[in-house]
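We number each residue from 1, following the sequence as shown. For the numbers below, each heavy atom of this structure counts, side chains included, while hydrogens, waters and symmetry mates do not. In this text the structure is predicted, and so the values were computed from the model without any measurement.
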Amino acid sequence: MKTIVIDPGHGGTDPGAVYRGYQEKTFNLSIALNVQRYLTEHYEAEIVMTRTSDITVSLSRRTAAANAIDADFFLSIHNNAAGGSGFESYIYNGALAPNTQAYQSIIHNTIYQTASKYRVNNRGMKQANLFVTRETHMSSLLLELLFVDHPDDLALLRNSTFINDISRAIAEGTAKALQLPKLSSAASPVSSTLYKVMAGSFQSRENAEQRTEFLSQNGVAAFIVPASVSGSVYYRVQTGAFSKETNAKSQVEQLKRIGIADAYILAGTDKSESPVREDDLYRVIAGSFRERKNAEERVNLLTAAGFPSFITTLDIDGLTYYRVQAGAFQEMDHAKALVQKLKSFGIIDAFIWSGSDLPPLPDSPAPETPEDKWTILGQSVIIGCQLDQFVRSVYPDAPQLGRYYRVYGNLYGIRADIAFAQAVHETNYFRFTGDVQRDQNNFAGIGAVGGGAAGASFSTPEEGVHAQIQHLYAYASSDPIPEGVKLVDPRFDLVARGSARTWTALNGKWAVPGNQYGQLILSIYERMAEYTQKSIEIQQQTLQKLIQDLN
């Protein structure tokens with residue numbers, strides 16, 4: 001059996017890099033303990049830690065301990081500071097033990113396969129004269145995972161999902177490099193030898209993350225371990241695993257001194273619980289938002305209706321989305337049942353997420369009717385003055401807004417003429433006979449949810465048209481709004497981006513229940529096209545007669 005020494009950098013009186021109250025030593029220990037746990041539970045190896053708590057250990061003591069036990073591999077885990085962003089790894093720049101470069105290549109590339117999913121910069125495989133890689137007799141590698149003082153990197157270090165993923169990648173890379181044998185499914189190496197210290201167990205992952213962050217601020221490294229108890233998922237906060245019960249008890253006492261009264265020891269395997277891999281869970285997401293306040297409003301709505309939920313975050317193309325999670329299940333059928341309940345309640349943008357890095361794309365079934373083929377994105381056919389002519393043929397006092405629809409339709413790539421038909425439907429030919437009043441310049445009923453709610457107001461007619469086009473863009477596209485353009489739609493971040501790419505897909509979304517909402521808009525658009533065609537035919541006849549008279 002191979003022996004691996006895992007070295008969480010810094011500790012005790014040496015905090016490492018410090019930024020805004022966050023200390024590198026805590027992140028290093030949290031990740032190292034996670035790596036230890038994963039290797040112990042999945043591979044045949046003897047794992048030795050240079051520290052398992054916040055204590056001071058000199059560099060010479062770390063390397064001497066590894067040399068004394070004739071370890072096969074030394075892995076030092078650090079985070080960087082002052083000068084960049086991203087992940088890099090180091091081996092000694094002098095004489096190397098056999099296989100060191102091969103180990104670095106395998107481990108580095110395995111880690112980066114995971115880190116790249118979080119858009120982490122790859123700073124490369126490097127060599128340097130570092131104490132722990134120089135003074136160890138065996139192959140050794142030092143990881144600089146992220147930069148504590150870079151805002152984006154720090155956000156990842158505070159993200160327990162990232163910590164779990166990157167820890168697993170480090171462990172898998174190490175196992176692959178050293179060709180560690182996997183444990184058989186019947187093996188249970190931790191059942192009688194490890195005493196795991198839990199600093200709380202929660203049904204809400206958000207509560208577990210808050211506990212983890214509190215512990216980090218108090219110098220205690222922790223990570224989240226999902227577990228299934230009687231079919232329900234709980235998020236346990238683990239702060240260590242010890243071979244001696246006395247050490248575990250000391251850890252519990254330390255936790256109680258900082259106010260964690262619910263800390264406890266889990267010896268071996270708790271038969272009432274079974275571990276759950278994050279990727280094996282079917283999470284029910286009840287909305288995804290760009291603004292946290294909108295996600296919080298959704299949580300409050302769901303909680304009041306008896307659907308406990310919490311907020312998780314996801315970064316996509318450098319943008320942070322706040323997702324409202326209403327449940328996590330090991331069985332897909334249970335997740336589907338909750339989605340149906342949520343949709344019955346009116347949360348039509350609920351979906352199931354099974355652990356991939358990006359949310360699922362909206363379903364794109366083949367069109368069932370001719371109306372279903374009409375996309376919101378596209379080119380207009382009817383020009384601005386013709387739009388005005390049509391509506392004034394019904395209501396002579398209608399405002400002349402056609403030019404605004406054309407301008408903003410072109411800007412966002414929206415079919416402006418059909419958007420105008422939507423405004424005609426919402427305002428009853430701009431006569432404003434519903435809850436929305438004329439002086440609100442709200443031509444699409446944005447925020448008018450019934451029961452007398454008048455909805456949003458806009459300072460000018462142009463801004464009102466812009467808000468409608470922008471709201472349509474939120475439904476039709478997942479791309480950011482055009483660069484330099486102001487966000488004027490107050491409900492833009494309440495929309496599940498890209499969830500309605502056709503006008504009929506707005507059914508039940510823009511208007512609830514609104515089962516024929518898109519079809520009604522398209523029927524107005526058809527009348528508009530027929531009217532415009534007849535107008536053009538009349539104009540053509542007039543022009544032909546004019547040309548004849550001129551000749």
Could you tell me if the side chain of [Y] sits less than 4.5 Å from the side chain of [X], heavy atoms only?
X	Y	result
Tyr43	Met1	no
Ser85	Leu146	no
Ile31	Ile170	yes
Lys25	Pro8	no
Tyr92	Asn129	yes
Ile260	Asp262	yes
His78	Glu24	yes
His10	Asn28	yes

Check whether [X] reaches the backbone of [Y] with its side chain - one donor and one acceptor, N or O, closer than 3.5 Å.
X	Y	answer
Asp149	Ala82	yes
Ser116	Arg119	no
Asp7	Gly9	no
Arg168	Tyr38	no
Ser250	Thr246	yes
Asn67	Glu135	yes
Asn34	Ser167	no
Arg501	Ser477	no

side-chain contact (heavy atoms from CB on, under 4.5 Å) between Ile69 and Val5, intermediate numbers included: CA-CA 9 Å; Ile69 62 174; Val5 175; 3.9 Å; yes

Closest contact, heavy atoms only, [X] versus [Y]:
X	Y	answer
Val120	Phe162	CG2-CE1, 4.4 Å
Ala45	Ile4	CB-CD1, 4.4 Å
Asn121	Tyr112	C-CE1, 4.0 Å
Ser89	His108	OG-ND1, 2.8 Å
Arg497	Asp479	NH2-O, 2.6 Å
Phe74	Ala66	CD1-CB, 3.6 Å

Side-chain donor-acceptor distances from residues 137-145 under 3.5 Å, at least two apart:
residue: Ser139; atom: OG; partner: Pro98; partner atom: O; Å: 3.0
residue: Ser139; atom: OG; partner: Thr100; partner atom: OG1; Å: 2.9
residue: Ser140; atom: OG; partner: Thr133; partner atom: O; Å: 3.4
residue: Ser140; atom: OG; partner: Thr136; partner atom: OG1; Å: 3.1
residue: Glu144; atom: OE1; partner: Asn80; partner atom: N; Å: 3.2

Electrostatic pair Arg37:Glu41 at N-O distance under 4.0 angstrom: yes

Candidate pair Val57 and Asp14, rule side-chain contact (heavy atoms from CB on, under 4.5 Å), full reasoning: CA-CA 9 Å; Val57 183; Asp14 175 15; over 6 Å; no

Rounded distance (nearest 0.5 Å) linking atom [atom1] of [X] with atom [atom2] of [Y]:
X	Y	atom1	atom2	value
Gln101	Ile106	CD	CD1	12.0 Å
Gln238	Ser201	CD	OG	11.5 Å
Glu172	Ile107	CD	CD1	12.0 Å
Arg158	Ile163	CZ	CD1	11.5 Å
Tyr22	Leu157	OH	CG	10.5 Å
Asn109	Gln104	CG	CD	9.5 Å

Met49 vs Gln36, side-chain contact (heavy atoms from CB on, under 4.5 Å): CA-CA, chis, key distance, verdict: CA-CA 8 Å; Met49 304 291 292; Gln36 176 206 30; 3.6 Å; yes

Derivation and outcome, side-chain contact (heavy atoms from CB on, under 4.5 Å), residues Lys336 and Val339: CA-CA 5 Å; Lys336 287 181 176 179; Val339 168; 5.6 Å; no

Worked verdict on Thr56 versus Thr13 for side chain to side chain donor-acceptor pair (under 3.5 Å): CA-CA 6 Å; Thr56 304; Thr13 58; 3.2 Å; yes

Where at least one partner belongs to residues 76-91, residue pairs that pass salt bridge (Lys or Arg N to Asp or Glu O under 4.0 Å), sequence neighbours excluded: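 Only Glu88-Arg123, Glu88-Lys126 qualify under salt bridge (Lys or Arg N to Asp or Glu O under 4.0 Å).
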
Plane angle bin for Tyr103 and Phe73 - parallel if under 30°, tilted between 30 and 60°, otherwise perpendicular: perpendicular

Partners meeting ring-ring contact (aromatic ring centres under 6.0 Å, His included) with Tyr473 (sequence neighbours left out):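 For Tyr473 the ring-ring contact (aromatic ring centres under 6.0 Å, His included) partners, ignoring immediate neighbours, are Tyr412.
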
